[in-house]
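Report on one structure; see the data block that follows.
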Amino acid sequence: YLEESGGGLVQSGGSLRLSCVYSGNRFNLFDMAWYRQAPGRQRELVANIFSGGTTNYIDSVQGRFTISRDTARNTLYLQMNDLKPDDTAVYYCNRNAKSKCSWGRGTQVTVSS
């Protein structure tokens, strides 16, 4: 259902754009989110976007990350600027709901200092 891409190795201060393609119907109706999981830590929600377009971010990424969606392409994006070593994690997308899709493989983001 979900396929993430766009991760990589970047230096501190660099940028990456993540993409997530949803293979299914009704993408335009879903509240979606990006999550991340760093080694030894629980998965956390990073940013979410409601079907109407309203967005929310955790404090640590506010002003640096931008979540967006293209409903015509069934694709969710995460533009990440001014990356920091603490942003290193595997990033996943999914519905922002109790009933989630099966998790994809995620995409690894590694930020070197």
Can you tell me how far CZ of F65 sits from CG of L18, rounded to the nearest 0.5 angstrom? 8.0 Å
If a pair satisfies salt bridge (charged side-chain N to carboxylate O under 4.0 Å, His left out) and one of its residues is in residues 3-29, list it, with sequence neighbours excluded. none
What pairs meet the disulfide bond (SG atoms under 2.5 Å apart) rule with one or both residues in residues 40-113, with sequence neighbours excluded? C20-C93
Mark yes or no: R36 above the aromatic ring of Y91, with NZ or CZ under 6.0 Å from the six-membered ring centre and no more than 45 degrees from the axis. no
Any side-chain heavy atom of L78 within less than 4.5 Å of one from T66? no
Take F50 and N56 through the test side chain to side chain contact (heavy atoms under 4.5 Å, CB included) and record every step on the way to the result. CA-CA 9 Å; F50 291 99; N56 292 294; 3.3 Å; yes
Could you tell me the separation between the CG atom of D31 and the CD1 atom of I49, rounded to the nearest 0.5 Å? 9.5 Å
Using the salt bridge (charged side-chain N to carboxylate O under 4.0 Å, His left out) definition, which of the options D82, D59, D86, D87 pairs with R64? D87
Are V90 and I58 connected in a single hydrophobic cluster, I mean Ile/Leu/Val/Met/Phe/Trp/Tyr linked by side-chain heavy atoms less than 4.5 Å apart? no
Distance (rounded to the nearest 0.5 Å) between F30 CZ and N25 CG: 8.5 Å
Step-by-step side chain to side chain contact (heavy atoms under 4.5 Å, CB included) determination, Q11 to V111: CA-CA 5 Å; Q11 290 187 336; V111 184; over 6 Å; no
CA sep, side-chain torsions, deciding dist, call: W34, I67, side chain to side chain contact (heavy atoms under 4.5 Å, CB included): CA-CA 8 Å; W34 283 98; I67 186 172; 3.6 Å; yes
Kindly determine whether L16 and L83 satisfy side chain to side chain contact (heavy atoms under 4.5 Å, CB included), including the steps that lead there. CA-CA 8 Å; L16 286 172; L83 282 160; 4.1 Å; yes
Check N96 against Y35 and note the closest heavy-atom contact, atom names and distance. CA-OH, 3.7 Å
My understanding is that only residues two or more places apart in sequence, or in another chain, count here; which of them pass ring-ring contact (aromatic ring centres under 6.0 Å, His included) with Y57? none
Would you sort out whether S15 and N81 count as a side chain to side chain donor-acceptor pair (under 3.5 Å), showing the intermediate values? CA-CA 4 Å; S15 298; N81 298 328; 3.0 Å; yes
First locate atom CG of L76, then atom OG of S19, and finally report the distance between them rounded to the nearest 0.5 Å. 8.5 Å
Straight-line distance of L2 CG to S102 OG, nearest 0.5 Å: 8.0 Å
In terms of heavy-atom contacts, T107 and G7 come closest through OG1-N, 2.9 Å
With R69 as partner, the option from Y22, F27, Y77 fulfilling side chain to side chain contact (heavy atoms under 4.5 Å, CB included) is F27
Out of curiosity, Y1 OH to R95 CZ, how far, rounded to the nearest 0.5 Å? 11.0 Å
L29 and S51: which non-hydrogen atoms are nearest, and at how many Å? O-CB, 3.7 Å
Any heavy-atom pair between the side chains of M32 and N48 that's under 4.5 Å? no
Heavy atoms only: give me the nearest S12-S113 pair and the separation to one decimal. CB-CA, 4.2 Å
